[in-house]
Amino acid sequence: MENTRPNEEEGRISEPNWSERVEDLVVAGDVTAAISFLESLETNLQSRLGSSSSGERTEFGLQLSAALTQLADLYSSEGLSLKSDELRTRSSLIKQRALDCDLASSRSSGNVENQSVASSGLKSDPNVSSFDADGKTEDSKVSSSNSAAHDSSDDDWEALADVEPSKLLPVEELPEISKLSVEEPKVQGPKRRGRGTFTYKSDAMYSDRDFSESRFDDDSEDNDLSRESEKTDESLKSKYGTRHVLVLAGFSPSLRTTELEKLFKDFKDSGFIIRWVNDTTALAVFKTPSAALEACKHVQCSFTIRVLDDNDSLLGSISGKDLEPPSQRPKTSAKTAQRLIAHSMGLKLPASGFGSKERDQEAARKNRIVSRQKQREDAWGDD
Amino acid sequence: MAAEEATEFYLRYYVGHKGKFGHEFLEFEFREDGKLRYANNSNYKNDTIIRKEVFLTPAVLKECKRIVSESEILKEDDNNWPEPDRVGKQELEIVLGNEHISFATSKIGSLVDCQSSNDPEGLRIFYYLVQDLKCLVFSLISLHFKIKPI
């Protein structure tokens, strides 16, 4: 009796401060001490839960669940996950029972007492308490006086077990319904909508088909092009005339451009170009009518050579572009190609190339300035 | 997920006209086996037809399907869209699942043309989808065929 009294006093003193004490221990880094403290606290709360009234019992239950949760957190931080999970489970169960006792206490006081005694008995059984004598006395009380209440608690658990599967059934049925709805559209055949062409499962593309049609359209467009070419022919005639063109006709179809160019080898410097009308007729277009006339006089060959006349029948089959005098090709430079190739190959061009350009430009600019100054001095120097 | 993967997919887009330089067009198609075919023809300045083929990974095909499904083009209809005319013609053919559509309309210059039509919302969806598909196709062709695609 004397032993129980100081224990009660110690429990009351420690109850409101146990969470702060645990936090202090954890902050100090002593997790083991915190765990052992919580375990002893759990034991105290368990013993108090057995011998308390309904109101205090609920409070003790909630505190016990909180302590167990804290202990589970500490065990998980230590890496003991199995113990942690076990403690969390006990914590949630104890919390639920405490709340259930609250509901029961609101209904009737007599039943409350019976249920509280029964539940306390259930809770104390799995736990090995430090005071064996107290545990034994509690067990004997439970077994002797309240066997009916014990049976009623078993019935409650059976009811819970029965309820859970029925709750799961509608959830399971839902995906089946959704699956059926997914399957339905597959049965429907493919629908075609729209005014466009359907080329699915055919190798040719739409544009491939259109080629045959486009050829007919090209014929009509060729007519338009020929009209435009006639206009250009007239403009070119007025611009260049026809006296600078020689007609080469009556030679063998196997004759080639290079062979024709050899005939006019002496006139290469003055500039000319061979343009074909058909397999047996070609044009030698010179830059000036005088060059054409001179070539016509000097060149001798087996086939006929004549100067193109304004009223020549051959003009009908010659396009306007062919009457243009040959223009000299613009002077080319390999600098752009060299720069691109060097860049793609990851090489660096010699800097002198660019530097020399800039230097030349700068030197030219300075020379211009100096020459202007000299001119001014020459003009006004006498004054 | 399995149902989605088994879904059929085919997409073809054509825009072109017949004019001064012949039949000029741009056409590309995504086929089920992952082949992308691209054709571009213009005779302007004596250009010749360009034809290219490239195979795509399933990830790219999946992205193309996502672009099409999120645009909700399959819910539209081309009855109220402008008919193809002399200026040009556009065709968009899509097979996605059990749906098979082939819409045809005239060339769209800008969104103002969409607003002035009888179905502004549907035509705008078509306009933006075609823009997205062109960007995707040009990027793929550029990445695969150009020496320096960036």
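Here is the naming used below: chain letters follow the sequence lines, and residue numbers restart at 1 for every chain.
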query = Can you list the steps and then say if A:T197 with B:E93 is a side chain to side chain contact (heavy atoms under 4.5 Å, CB included)?
reply = CA-CA 8 Å; A:T197 310; B:E93 183 181 1; 5.7 Å; no
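- For B:E76, the part lying under 4.5 angstrom from a heavy atom of chain A is the backbone only.
- A:Y206 and B:E27 get closest at one heavy-atom pair: N-OE2, 3.0 Å.
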Test side chain to side chain contact (heavy atoms under 4.5 Å, CB included) applied to B:R12 and A:F198, step by step = CA-CA 10 Å; B:R12 176 183 66 82; A:F198 293 89; over 6 Å; no
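- For B:Y10 and A:T199, the side-chain atoms include at least one donor-acceptor pair closer than 3.5 Å.
- Checking side-chain atoms of B:E91 against main-chain N and O of A:G196 turns up no donor-acceptor pair under 3.5 Å.
- Pairing each heavy atom of A:G194 with each of B:F103, the nearest pair is CA-CD2, 3.8 Å.
- Under a 3.5 Å cut-off, the side chain of A:R195 and the backbone N or O of B:D78 do form a donor-acceptor pair.
- Rounding to the nearest 0.5 Å places CG of B:L26 at 9.0 Å from OG of A:S207.
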